[in-house]
Amino acid sequence: MKVSRFLLSTMKEVPADAEIISHKLMLRAGMIRKLAAGLYTWLPLGLRVLHKVENIIRDEMDKSGALEVFMPAVQPAELWQESGRWDQYGPELLRLKDRHDREFCFGPTHEEIITDLIRREIHSYKQLPANFYQIQTKFRDEIRPRFGIMRAREFLMKDAYSFHLTQGSLEETYNQMYETYSRIFKRLGLNFRAVLADTGNIGGSRSHEFHVLADSGEDAIAYSTTGDYAANVELAPAVPPTAPRGQPSQSMAAVNTPDQHTIEEVSRFLKVTPAQCVKTLIVKGNEGLVALVIRGDHTLNAVKATKLPEISQPFTFASPEEVRRVTGCEIGSLGPVGLTIPVKVDHSAAQLTDFVCGANKEGQHLVGVNWGREVPAPKQPVDIRNVEPGDPSPDGKGVLAIARGIEVGHIFQLGEKYSSAMSAKVQDEEGRMITLLMGCYGIGVSRIVAAAIEQNHDEFGIIWPQTIAPFTVALLPMNMYKSQRLLEAADKLYQRLLEAGVEVLWDDRKERPGVMFADMELIGIPHRFVMGEKGLDEGYVEYKGRWNKQAQNVPMEKAVEFILEKLRG
RNA sequence: CGGGGUGUAGCUCAGUCUGGUAGAGCGUUGCUUUCGGGAGGCAAAGGCCGGAGGUUCAAAUCCUCUCACCCCGACCA
C-alpha cells in the first residue's frame, strides 16, 4: 500500500475527550472516529487491525471444531420473552419496534437465537456435542460508555454456544474453549490471565474470564502470589478467620464524635485503627431494609451481598430518608447496636472484640462494643467483603495480590438455563427427550484492539504485536522526489516485498523525513526500512524495529529475506 | 438516573464576567527554502459562535428553553 493512496488521518493534537492511552492513540493514529456516544467508525487503518484480530480468532475457533454461523443483529422480542430476559434485562437492552408495531431488540448477546436455531435443527444425540460461533456487532446501551472502543455501546464480539447431552461433555468443550482462548490471546501477543468469574446476567454456573493485564483495566483481579488461584475480586471468597473471637476486655461507652462520619475520620479522632471499627451499611432487602456490617478497613462486595437471600436485586443502598426512618439518625453515625432490622455481619467484623461503631445518634460513636453482649452475636456470619492484598488465598496456597485487568474473554457453563426455558431437547439412545446442556464463550473483538494498545505503546505511539499490526513494514525513502534513482530503488524494493507477501506501507508522500518517522511510529508499524541516496550508493537500506533503539544497515539485496527472517523469528 | 462541566475554523483553544463588524496555534491548499526527526518564509481557503425563542439600536457575549458531548457518582455510614 502506498500512503498516497491510503487514508492516513493522523493527528498531532489529542481530541479533548480521550482519557486513556489506547483511546488517545486510536484517535491520533486515525484508526477510529466517533459518531456519537459509544459509536465509532473504523477507518481503514483500524479496520486492518480489527480484521487481523478477527482472523486469528476465527482460525483458532475453526481449529477447535466450532462451526461459524451468522445470526441477525435484530431479534424478535418473543424469544426474549420466552427466556424471561425481556423483562430482566433492563435499559441496557435497546428495544425497537418495526412498522407493524412488533417488538424487537438489537442483540446484546445471542443465547435465545442460537437456542431457537438448535431446537429446530438438532434432534438427536448423534449430532452432539456441537459448538457454533459467530463474529457479530452487538449493542448494549451502557449507562456510561467511555474509553473509546474499550467500553462502547456498539462493539464487535465473537460469541460461541455449545450444546451437550451430558455434563461431562459440556466440561470437555468448556476446557477445550479454555485452551483455545489461551492460544488465541497468546497469538494476539497479549499478556493475559484466566480468572474465576461471576456469571452476571448471562446466568449459569462455572465461569472463567480472560483478562489482559493493564493498569487502566476496569476490573480488579485477585491472584495467589505462590499458587495458581486467580479470580475476579467480585467473586474471590474471603477466607474466614479461624481463631475464635477473643474475650471482651472493655465496657461499652458512648463518646462524642462531632462531625466525624467516615471510618477514617472516626478512627483518627478516637486514635484507633480502622480495623478496630465496623461500618454499617443499610441496603434494600426483600422485606424492608437490611443492615450489612463489615470491618472498617474493608470494602463491601455488592456482587456477594446480592447473593444473600435477604437482599433485593438489583443491589440498592437505602436512601438517607429510609435510613433516618429506621434508625432515627443520619448516615455517618450508624452502628449495629439496637437496630431493629435484620443485621448481616461479615466474618471479619464478627471476629472483633471491643470494637468501635456508630451510636445511631448524630455525633456519637460507641467504643468497647462486643458481640453477644451489646449486640446479638451473629448466628451465621457471611462473606460480603472484597478480598484485600495479603488475605490468604482461598486455595490455601500463599496470599492474594490484586492486579487490574481488561476483560477480553468470558466462558460460561450455562447448563439448562436457556434450553429448559425454551425447551431445546434431543432424543438419547433410548429415545428419551433430554434437555440440552449449554456452554457459551465470548470474546470482545473490538475491545482487544484497545487492550493491545494499552499493553504495547511508548511515548511515540503504538507498538503493534507482529500478528495484529496493520502493516508489517514501513518503507520510507528520504527525499525521494529529488532523486529519480531513489524513487526507482524504493519502487523496486516495494515490489519485491509485495511479491514476498509482506504487507508493506510505502510512504510515497512528498513529506519531510520527520513527518514520516513520526507518523509510522504513531501508527505502530513493527518494522521500518529507511532508504537514502547514501545507502543506495553503498548498497544498503537502514532497518529499525519499532521497539529497537538503534538502527542497522542491511544489504539491499538481502532486505526481503531479512524481513522474512524477522517474521519467522 | 443524580451532580458538575463544555459546545466558537478540520483539531486544540482564546474571546463571554464588562454587548459594539470573528481570533490564535496546529492542520489544509499554492509557492518557496540550505529538506534524516512533526523546520522556516510568503500567500490563501475555511466559522449562522450547537439549535430555538427573547431582551436590546446592537448578542458568541445577557435571559429562557432545548439538543449534543464530556467528567464524577452508591465501598460515606
Side-chain angles (χ1 to χ4, degrees), chain A residues 9-19 23-24 27-28 30 33-39 90-91 143-148 220 233-234 257 259-267 274 277-284 291-305 314-320 322-324 326-327 329-336 339 346 356-365 384-386 388 460-461 476-483 486 507 509-522 528 530-535 542 544 551:
Chain A
S9 287
T10 55
M11 288 190 285
K12 259 197 273 195
E13 287 182 281
V14 195
D17 52 359
E19 275 194 287
H23 189 195
K24 289 179 186 169
L27 289 168
R28 287 192 54 212
R33 290 290 181 257
K34 185 167 81 170
L35 178 65
L39 303 177
I143 307 172
R144 222 182 122 195
R146 58 177 138 181
F147 303 147
V233 164
E234 287 179 346
T257 50
D259 298 324
Q260 310 296 311
H261 296 297
T262 66
I263 288 289
E264 202 178 309
E265 288 165 354
V266 170
S267 61
C277 306
V278 302
K279 44 179 142 179
T280 307
L281 303 102
I282 299 195
V283 304
K284 294 193 175 157
L292 303 176
V293 177
I294 58 177
R295 218 168 72 185
D297 58 329
H298 289 153
T299 55
L300 181 73
N301 182 315
V303 171
K304 291 181 186 175
F315 182 85
T316 321
F317 277 90
S319 68
E322 289 170 311
V323 170
R324 215 175 297 131
V326 168
T327 66
C329 85
E330 296 295 319
I331 289 172
S333 304
L334 294 176
L339 283 184
D346 185 74
V356 174
C357 66
N360 297 325
K361 267 185 213 160
E362 182 58 24
Q364 279 205 349
H365 279 75
I384 49 171
R385 71 173 176 95
N386 287 320
E388 302 282 337
F460 303 110
L476 309 187
M478 301 288 98
N479 303 308
M480 177 174 82
Y481 291 99
K482 293 235 163 118
S483 164
L486 182 57
D507 198 341
R509 294 175 298 178
K510 209 168 179 174
E511 278 294 352
R512 297 169 54 84
V515 174
M516 294 184 178
F517 293 145
D519 272 347
M520 293 303 130
E521 281 161 7
L522 175 60
R528 180 180 91 185
V530 175
M531 299 179 74
E533 289 240 287
K534 183 161 179 255
E542 178 194 287
K544 183 174 165 300

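Chain identifiers are assigned alphabetically (A, B, ...) following the order of the sequence lines, protein sequences preceding nucleic acid strands; residue numbering begins at 1 within each chain. Since this is a predicted model, take the numbers as computed values, not measurements.
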Report summary line: Separation of C35(B) atom C1' from Leu486(A) atom CG, nearest Å, is 13 Å
Query raised in the report: Starting at the 5' end of RNA chain B and moving along, which residue's nearest nucleotide shows up first, Ala16(A) or Lys482(A)?
Result: Ala16(A)
Requested in this report: Pick the C1' atom in U61(B) and in U8(B), then give their distance to the nearest Å.
Outcome: 11 Å
Query raised in the report: Does Lys534(A) place a side-chain N or O at less than 4.0 Å from the phosphate oxygens OP1/OP2 of G36(B)?
Result: no
Query - Selection from G38(B), G36(B), C11(B) that lies nearest to any side-chain heavy atom of Val530(A) - result: G36(B)
Query raised in the report: Expressed as a whole number of Å, how far does the C1' atom of A77(B) sit from that of C67(B)?
Result: 39 Å
Query raised in the report: Taking the same atom, P, in U16(B) and in A22(B), what whole-Å distance lies between them?
Result: 15 Å
Query raised in the report: Across the strands shown, which category fits Arg385(A) at heavy-atom distances under 4.0 angstrom: base, sugar-phosphate, nothing?
Result: nothing
Query - Any donor-acceptor N/O pair under 3.5 Å between G37(B) base and Glu521(A) side chain - result: yes
**Report entry** Partner nucleotide, any strand, of G53(B) [Watson-Crick/G-U, under 3.5 Å]
**Finding:** C63(B)
Query raised in the report: Under 4.0 angstrom, heavy atoms only, what part of the nucleic acid is Asn301(A) near: base, sugar-phosphate, or nothing?
Result: nothing
Query - Spacing of Ile294(A) atom CD1 relative to C76(B) atom C1', expressed in whole Å - result: 11 Å
Query - Option passing side chain to side chain contact (heavy atoms under 4.5 Å, CB included) with Glu542(A) (candidates Met478(A), Lys534(A), Arg528(A)) - result: Arg528(A)
Query raised in the report: For atom P, what is the distance between A45(B) and G25(B), given to the nearest Å?
Result: 15 Å
Report task. Check Ala18(A) against Val14(A) and note the closest heavy-atom contact, atom names and distance. Result -> CB-CG1, 4.3 Å
Query - Interatomic distance, Leu35(A) CG vs A68(B) P [rounded to whole Å] - result: 13 Å
Requested in this report: Determine the interatomic distance between P on G38(B) and the same-named atom on G27(B); round to the nearest Å.
Outcome: 12 Å
**Report entry** Side chain of Arg512(A) - closest among A77(B), C75(B), A39(B)
**Finding:** A39(B)
Query raised in the report: Where each residue is assigned the nucleotide of RNA chain B containing its nearest heavy atom, which of Pro15(A) and Met516(A) is assigned the position nearer the 5′ end?
Result: Pro15(A)
Requested in this report: Report the base-pairing partner of G73(B) (Watson-Crick or G-U wobble, both distances below 3.5 angstrom), or none.
Outcome: C1(B)
Query raised in the report: Which is true for Asn479(A) with a 4.0 Å heavy-atom rule: it touches a base, it touches only sugar-phosphate, or it touches nothing?
Result: base
Query raised in the report: Using the P atom in both, what is the distance from G53(B) to A58(B), to the nearest Å?
Result: 15 Å
Report summary line: Which of C11(B), C76(B), G37(B) is nearest the side chain of Lys279(A)? It is C76(B)
Query raised in the report: Base, sugar-phosphate, or nothing for Glu511(A), non-hydrogen atoms under 4.0 angstrom?
Result: nothing
Query raised in the report: Do the side chain of Arg528(A) and the base of G37(B) come within less than 3.5 angstrom through a donor-acceptor pair of N or O atoms?
Result: yes
Query raised in the report: Are any side-chain N or O atoms of Asn301(A) and backbone N or O atoms of Ile384(A), one a donor and one an acceptor, separated by less than 3.5 Å?
Result: no
Query raised in the report: Below 3.5 Å, does any donor atom in the side chain of Asp519(A) face an acceptor in the base of G38(B), or the other way round?
Result: yes
Query - Ser267(A) to Cys277(A) - nearest heavy-atom pair and separation - result: CB-SG, 4.1 Å
Query raised in the report: Can you tell if the side chain of Thr280(A) reaches within under 4.5 Å of the side chain of Thr327(A), non-hydrogen atoms only?
Result: no
Requested in this report: Could you measure between the two P atoms, the one in C49(B) and the one in A60(B), and give it in whole Å?
Outcome: 6 Å
**Report entry** Check ion pair Lys482(A)-Glu533(A) (N to O, under 4.0 angstrom)
**Finding:** no
Requested in this report: Pick base, sugar-phosphate or nothing for Ile143(A), based on heavy-atom distances below 4.0 Å to the nucleic acid.
Outcome: base
Query raised in the report: With a non-hydrogen cut-off below 4.0 angstrom, is Val323(A) in contact with a base, only sugar-phosphate, or nothing?
Result: nothing
Query raised in the report: Is any side-chain nitrogen or oxygen of Lys12(A) closer than 4.0 Å to OP1 or OP2 of C11(B)?
Result: no
Query raised in the report: Above 12 or not: heavy atoms from other molecules or residues under 6.0 Å from NZ of Lys361(A)?
Result: no
Query - Other residues, nucleotides, ligands: >12 heavy atoms within 6.0 Å of Glu264(A) CD - result: no
Query raised in the report: Where is the tightest heavy-atom contact between Met11(A) and Leu27(A), given as atom of each residue plus distance?
Result: CE-O, 3.1 Å
Query raised in the report: So what's A68(B) paired with, Watson-Crick or G-U wobble, going by both distances under 3.5 Å?
Result: U6(B)
Query - Under 4.0 Å protein heavy-atom contact, by nucleotide of nucleotides 3-9 of chain B - B base, S sugar-phosphate only - result: -------
Query raised in the report: Do side-chain atoms of Lys279(A) reach the backbone of Thr299(A) as a donor and acceptor pair under 3.5 angstrom?
Result: no
**Report entry** Rounded distance in Å - CZ (Arg509(A)) to C1' (U28(B))
**Finding:** 14 Å
Query raised in the report: Watson-Crick or G-U wobble partner for A24(B), using a 3.5 Å limit on both distances?
Result: U12(B)
**Report entry** Rounded C1' spacing from U55(B) to C11(B) in Å
**Finding:** 35 Å
Report task. Would you list the pairs meeting salt bridge (Lys or Arg N to Asp or Glu O under 4.0 Å) in which at least one residue belongs to residues 291-304 of chain A, sequence neighbours left out? Result -> Arg295(A)-Asp297(A), Lys304(A)-Asp383(A)
Query - For G30(B), the Watson-Crick or wobble counterpart (both distances under 3.5 Å) - result: C42(B)
Query raised in the report: Any idea which of C69(B), G36(B), G38(B) is nearest the Val515(A) side chain?
Result: G38(B)
Query raised in the report: With a 4.0 Å cut-off on heavy atoms, is Thr262(A) in touch with a base, just the backbone sugar-phosphate, or nothing at all?
Result: sugar-phosphate
Query - Selection from A74(B), C69(B), G37(B) that lies nearest to any side-chain heavy atom of Asp17(A) - result: C69(B)
Requested in this report: Starting at atom NE2 of His23(A), determine the distance to atom P of C70(B), rounded to an integer number of angstrom.
Outcome: 9 Å
Requested in this report: Just compare G38(B), C69(B), C75(B) and give me whichever is closest to any side-chain atom of Thr299(A).
Outcome: C75(B)
Report task. Pick base, sugar-phosphate or nothing for Arg28(A), based on heavy-atom distances below 4.0 Å to the nucleic acid. Result -> base
Query raised in the report: Given that both distances must come in under 3.5 Å, which nucleotide forms a Watson-Crick or G-U wobble pair with U18(B)?
Result: none
Requested in this report: With a 3.5 angstrom cut-off on both distances, give the Watson-Crick or G-U wobble partner of G37(B), or none if there isn't one.
Outcome: none
**Report entry** Length of the CD-P vector between Glu13(A) and G27(B), whole Å
**Finding:** 9 Å
